[in-house]
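No experiment lies behind these values; they were computed from the predicted model shown. The basis for the numbers below is simple: all heavy atoms, side chains too, and nothing from hydrogens, waters or symmetry mates. We're numbering straight along the sequence, starting at 1. For ligands, and for the atoms within them, numbers begin at 1 and follow the listed sequence.
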Amino acid sequence: MATQKLFEVIQSDSILVLTLNRPKALNALNKQLIGELHHFFVKELKTYSCKGVILTGSGDRAFAAGADIKEFRTMDAREMEALSALGHELMFAIENSPIPVIAAIEGYALGGGFEIALACHMRIGSEKTRLGNPEVNLGIIPGYGATQRLPQLVGKGRSLEIMLTARMINASEAMDWGLLNKVVAPGKTVSESKEILQLIGSKGTTAVTKVIDVVAAYYNKNCNGFQEEIKAFGKLSATDEFKEGTQAFIENREAKFKN
Ligand code: CAA
């Protein structure tokens, strides 16, 4: 019998909604789910024609309450390291997706769940959103990139506070700290994310992809982001999108990009 997938994909209006589907375990990320998401972002996403991706959790209690702690107990140190490496590959695939990815966070995003949200290009929360890295409560550290991505958003002091105290950050604090782009009413994070992706989808696709690329270059120690920006700026000026965008401005009309 084929194993059932642990997330579901629904496409509507050129937006893909990926829903983590383990509601009884608050969408905890077991190895199978990490593997399936990795396969999706590395192999399957390019087969869809879409303007954006929303990652969310099933039910109203959690985006994802972290890695599956019960499964950890069955794994040795070598397997744990391999799982962490696979998780890192998934986070890089999300972060480097040429199509914008938004985390729509209802309820808890903790541990590995928070780390997926950190790898997304934007995060929309609700008043019930709670974020945190409680790994020290378990005697481990974050394993899917929070030690590196959290300081990018909130700086070193606040990152250490989140990871060392293991306390949960509520929605208004997360907004103040820049962890969330917007807070909406419970149940509305997916519709808000769709609106943002529709707006982005009306822009030139190549330019959108280049913004994602060049901003990522700032955080890549092997890249000179300023040089990347100069090269991308030059290349984009040779595209049909640039011709249409500038022509539309001159004709005082909305640009119609062929995405
Ligand atoms: N792994 C496995 N199962 C989990 C889980 C997790 N991370 N989080 C919740 N669950 C399960 C619970 O065991 C429970 O299952 P049963 O009904 O079978 O007992 C069910 O989900 C509901 O959870 P609770 O009864 O605990 O719900 P609650 O409302 O009392 O508490 C919570 C909610 C505060 C989120 C609590 O579940 C919790 O603290 N979860 C663990 C959070 C955590 O420590 N995450 C980090 C994991 S380690 C990690 O992610 C490492 C990494 O970086 C890769």
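- Summary of contacts: the protein heavy atom closest to atom 4 (C) of ligand 1 is A25 O, 3.9 Å.
- In this structure, the side chains of M163 and E135 stay at 4.5 Å or more apart for every pair of heavy atoms.
- The heavy-atom pair separating G225 from V214 by the smallest distance is O-CG1, 4.0 Å.
- Scanning the protein for heavy atoms near atom 34 (C) of ligand 1, the closest one is M168 CE, 3.8 Å.
- Proximity of atom 15 (O) of ligand 1 to the protein is indicated by at least one non-hydrogen atom lying closer than 4.0 angstrom.
- Which parts of ligand 1 touch E115 is read off a 4.0 Å heavy-atom cut-off, strictly below it: atoms 52 (C), 53 (O), 54 (C).
- Scanning A65, G111, P142 for the heavy atom closest to atom 45 (N) of ligand 1 points to A65.
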* To do: Give the C-alpha distance, both sets of side-chain angles, the deciding distance and a yes or no for salt bridge (charged side-chain N to carboxylate O under 4.0 Å, His left out) between K182 and E192.
  => CA-CA 9 Å; K182 199 162 183 180; E192 180 63 33; 3.0 Å; yes
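- With 3.5 Å as the limit, one finds no donor-acceptor pair spanning the side chains of Q32 and N30.
- Contacts between A28 and ligand 1 below 4.0 angstrom, taking non-hydrogen atoms only, involve the side chain exclusively.
- Considering each of G107, A109, P134, the one bringing a non-hydrogen atom nearest atom 46 (C) of ligand 1 is P134.
- Remark: atom 24 (P) of ligand 1 lies closer than 4.0 Å to no protein heavy atom.
- Summarising the contacts of atom 21 (O) of ligand 1 with R61, R130, K70, K24, the nearest heavy atom is found in K24.
- Between the side chains of T129 and N170, no donor-acceptor pair is found at a separation under 3.5 Å.
- Under the 4.0 angstrom criterion, atom 28 (P) of ligand 1 counts as having a protein heavy-atom contact.
- Looking only at heavy atoms of the protein, atom 48 (S) of ligand 1 is closest to L138 CD1, 3.6 Å.
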* **Check against ring pair (Phe, Tyr, Trp, His ring centres under 6.0 Å), F114 and Y144** => CA-CA 9 Å; F114 186 33; Y144 295 157; over 10 Å; no
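- Taking CG of L150 as the reference point, atom CG of L179 lies at 6.0 Å (rounded to 0.5 Å).
- The nearest protein atom to atom 37 (O) of ligand 1, hydrogens excluded, is given as L26 CD1, 3.8 Å; this is a heavy-atom distance.
- For atom 53 (O) of ligand 1, the nearest protein heavy atom lies closer than 4.0 Å.
- Residues that satisfy the ring pair (Phe, Tyr, Trp, His ring centres under 6.0 Å) test with Y218, not counting sequence neighbours, are absent from this structure.
- Within ligand 1, counting atoms from 1 as listed, the ones closer than 4.0 Å to a heavy atom of G143 are 52 (C), 53 (O), 54 (C).
- Distances between N or O atoms of E135 and those of ligand 1 include at least one value under 3.5 Å.
- Looking at G112 next to ligand 1, an N or O pair under 3.5 Å apart turns up.
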* For R130 and E173, what are the C-alpha separation, side-chain angles and deciding distance, and is it a salt bridge (charged side-chain N to carboxylate O under 4.0 Å, His left out)? -> CA-CA 10 Å; R130 297 289 178 274; E173 202 171 8; over 6 Å; no
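- Both cation-pi conditions hold for R149 and F92: the charged atom is under 6.0 angstrom from the six-membered ring centre and inside a 45 degree cone around its axis.
- Among N133, L110, I69, N137, the residue whose heavy atom lies closest to atom 35 (C) of ligand 1 is L110.
- Of all the heavy atoms in E241 and T205, the pair that sits closest is OE2-N, 3.1 Å.
- With ligand atoms numbered from 1 in the order given, ligand 1 contributes 50 (O) to contacts under 4.0 Å with heavy atoms of G66.
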